[in-house]
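Worksheet for the structure shown next.
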There are 2 protein chains.
Amino acid sequence: MADKVTIADVARRAKVSRQTVSNVLNSPELVREETRQRVREAVKALGYRASQAARQMRTGRSRLIAVRVEPAQEDGINGSVFDRFLHGLTESAALAGYRVLLYTAGDHDAELATFDDLLGVYEPDAFVLTSTDYGDPRTAWLWGQRIPFVTFGRPWGAPPELAYPWVDVDGAAGTAMATRHLLDAGHRHIGFLGWPAGSGVGDDRRAGWARTLAAEGIDPAEFDHTTADGVPEGEAAAHALLDAARPVTALVCVSDSLALGALRTGRRIAVVGFDDTPVARAVGLASVSQPLAEAAAACVDLLARQLDGPGDGDGPPAQVLLEPALVRRLSA
Amino acid sequence: MADKVTIADVARRAKVSRQTVSNVLNSPELVREETRQRVREAVKALGYRASQAARQMRTGRSRLIAVRVEPAQEDGINGSVFDRFLHGLTESAALAGYRVLLYTAGDHDAELATFDDLLGVYEPDAFVLTSTDYGDPRTAWLWGQRIPFVTFGRPWGAPPELAYPWVDVDGAAGTAMATRHLLDAGHRHIGFLGWPAGSGVGDDRRAGWARTLAAEGIDPAEFDHTTADGVPEGEAAAHALLDAARPVTALVCVSDSLALGALRTGRRIAVVGFDDTPVARAVGLASVSQPLAEAAAACVDLLARQLDGPGDGDGPPAQVLLEPALVRRLSA
DNA sequence: TAGTCCGTCTTGAACGTTCAAATGGCGGAA
DNA sequence: TTCCGCCATTTGAACGTTCAAGACGGACTA
């Protein structure tokens, strides 16, 4: 195992000073073309790579982005969504010269403590927060400390002075798309299996379905059914809507779990789920698919703009809202 | 945002030298009890945390464990397995004073290049490799470079001189358990849906089923069916075994994907899958469950033993084989 | 009494990088 | 000719920690 190659080794070989090597790597325009070449050759010949730790000592930048690994959901069907997002994030971060550092935390308070701990020890340059909810204390905390961060998920109900950058997928557009598709297929009584009001994500998805039905002159209220997430819950809820006075012939669901439950009724109805999880693919369930790799790339992009951009945090914090896609399968 | 608290700040406040503070934190037995107290108070009062970057400069230890995020499988059903493992790993690592650093890589060659890159820049102390296969070049490379690592998965077919530490779950024990359960329920013609021979994991799982049947005087050969992974593949394979001269009445499957396919035949047979993925839970599929949190903890434990242990890598590299559990559900 | 050792604490140096300031050569303007 | 400014490069210092070595006092030993 070769000993560590330092910038001094490169300098010696290229017959220049340490600083010139550093300049070639960080501010090449300061160095004469000929010298640049010579240094670059020495770097390549020796296989030199700048030590991140040493660099961090001077610059205060760790080139680390911290992300929380979600505990697998009880239900777990949605686990793969985070999985794919994380994969995309790691890949995009690497391209931008960053690495992803993981942490876990039980609840929000524990997470704030972990923020503090991480910042003291590993000093990540930024955080990516997922699954934001109403009154999320994490965004306010980070904002207060001036720590760069992005959320994957809109700032549901956050005070407007917290104008931080976020990335999200337009859930309403997704359910609208699904509803439109079912209307085009001739359905009129299109139900919605959703979560209880109060979750930003759930309300957003319901809104897309409701407004699309309303635009056709159909009152959605009667076809709306609220339940906790889960396959059995979905099955029960679907039965309720199927056995109503005016039974539904199609269902748009807020999650694949609920949609899967609807399929298990065995009744001949069209069903569309949400998230295009592996289960959906496996059982032929149509579903709204989130562009997770793009979302991850957008997160990294927004962070890089804050971290590597010019002035300190100038320009308006950008927000990105991505369009989901409807994946048609046997079920619809 | 308070400026960074350094060891010198603590030293000043406790009226001792930098080194004494360092000793209180790293080798408390060298410091007099009274002084220790005083320093500890100062640490707490100032909220001091040792900077990992500075520490790394001196000690050469980054307290980082590198793990590759698997690209979501085509099928994706098994994605959540890695998810849960990763979560456990992050948690266990944190308890041992380490953090998990992610990377991605297309194929084995790209991964070797990434090893080199990471080691040059972030200098992780160790790697955790998942899904090892026959003739895996990664273990040999890391071993050659004397980089500490553990694999989650046995060294299938690796030369015996590569006696590195590993953690795995006894797949054969899992399928044996499943088979035994089906025998106890009165089944005799118990089929196996497996992957083509040549994958260590698949062959291992097949072996547990085969030896349990053989012990009952039943020749397994006739009930063995090999296919690629996937739900449709499982459905087709199950049909083949059901329509054979001596049809099976129960199936043990190498994966939940195949088991799900078997369920979709709609025939009345008992089915057991493998991995206890969310899908299994959702559709009531019995499945063999791997203790992933324990496996992750064991990985961290083996690494910590190498990294924080006494002498340099003395003692035999430990191996851990964990027992899976059978989760009974509607399907069996 | 002098020498040795041990327990406790301090001092100086080093890890590898980049920032800030200094150096030296060269061309052009006064 | 002299001086200034610019370009290319070098030098010294600093980031925060731990290692290695040293200093000091007191107890124990010869």
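Atom set for the values below is all heavy atoms of this structure, side chains included, hydrogens, waters and symmetry mates excluded. Note on naming: letters A, B, ... go to the chains in the order of the sequence lines (proteins, then strands), and numbering restarts at 1 for each one.
Contacts of A/Ala50 with the nucleic acid, taken as non-hydrogen atoms under 4.0 Å apart, involve only primed sugar atoms and P, OP1 or OP2.
Atom P of nucleotide D/dT9 and atom CZ of A/Arg38 are separated by 8 Å, given to the nearest angstrom. To the nearest angstrom, C1' of D/dG16 lies 12 Å from CZ of B/Arg12. D/dG16 atom C1' lies 16 Å from atom OH of A/Tyr122, rounded to whole Å. Taking atom CZ of A/Arg49 as the reference point, atom C1' of C/dT17 lies 17 Å away to the nearest angstrom. Atoms CD (B/Glu29) and P (C/dC9) sit 13 Å apart, rounded to a whole Å. Going from atom NZ of A/Lys4 over to atom C1' of C/dC15 covers 11 Å, rounded to whole Å. If you measure from atom CD of B/Gln56 to atom C1' of D/dC15, you get 14 Å, rounded to the nearest angstrom. Rounded to an integer number of Å, the gap from CG of A/Leu30 to C1' of D/dC6 is 13 Å.
Both the sub-6.0 Å distance and the 45° axial angle are satisfied by A/Arg63 relative to the ring of A/Tyr98.
Using a 4.5 Å heavy-atom threshold, the side chains of B/Val16 and B/Val24 count as separate.
Under the ring-ring contact (aromatic ring centres under 6.0 Å, His included) rule, B/Phe149 has a single partner from B/Phe127, B/Phe115, B/Trp141, B/Tyr164, which is B/Tyr164.
At a cut-off of 3.5 Å, with distance as the only test, a side-chain donor of A/Gln37 or A/Glu33 sits close to an acceptor on the other residue.
Checking the phosphate oxygens (OP1, OP2) of D/dT18, a side-chain nitrogen or oxygen of B/Ser22 falls inside 4.0 Å. The phosphate of D/dT10 (OP1 or OP2) has a side-chain N or O of A/Thr20 nearer than 4.0 angstrom. OP1 or OP2 of D/dT18 sits under 4.0 Å from a side-chain N or O of B/Arg55. Using a 4.0 Å cut-off, some side-chain N or O of A/Thr35 falls inside it from OP1 or OP2 of D/dT9. Between A/Ser17 and the phosphate of D/dT10, there is a side-chain N or O to OP1/OP2 separation shorter than 4.0 Å. Applying the 4.0 Å criterion to OP1 and OP2 of C/dG16, one finds that A/Thr6 has every side-chain N and O outside that range.
In this structure, B/Arg305 pairs ionically with B/Asp301, as a charged nitrogen and a carboxylate oxygen lie closer than 4.0 Å.
Nearest-nucleotide positions on DNA chain C for A/Asn26 and B/Arg18 put B/Arg18 closer to the 5' end. Mapping B/Arg58 and A/Ala8 onto DNA chain C via the closest heavy atom, the residue that lands nearer the 5' end is B/Arg58.
Remark: the B/Gln19 side chain and the D/dC19 base include a donor-acceptor N/O pair separated by less than 3.5 Å.
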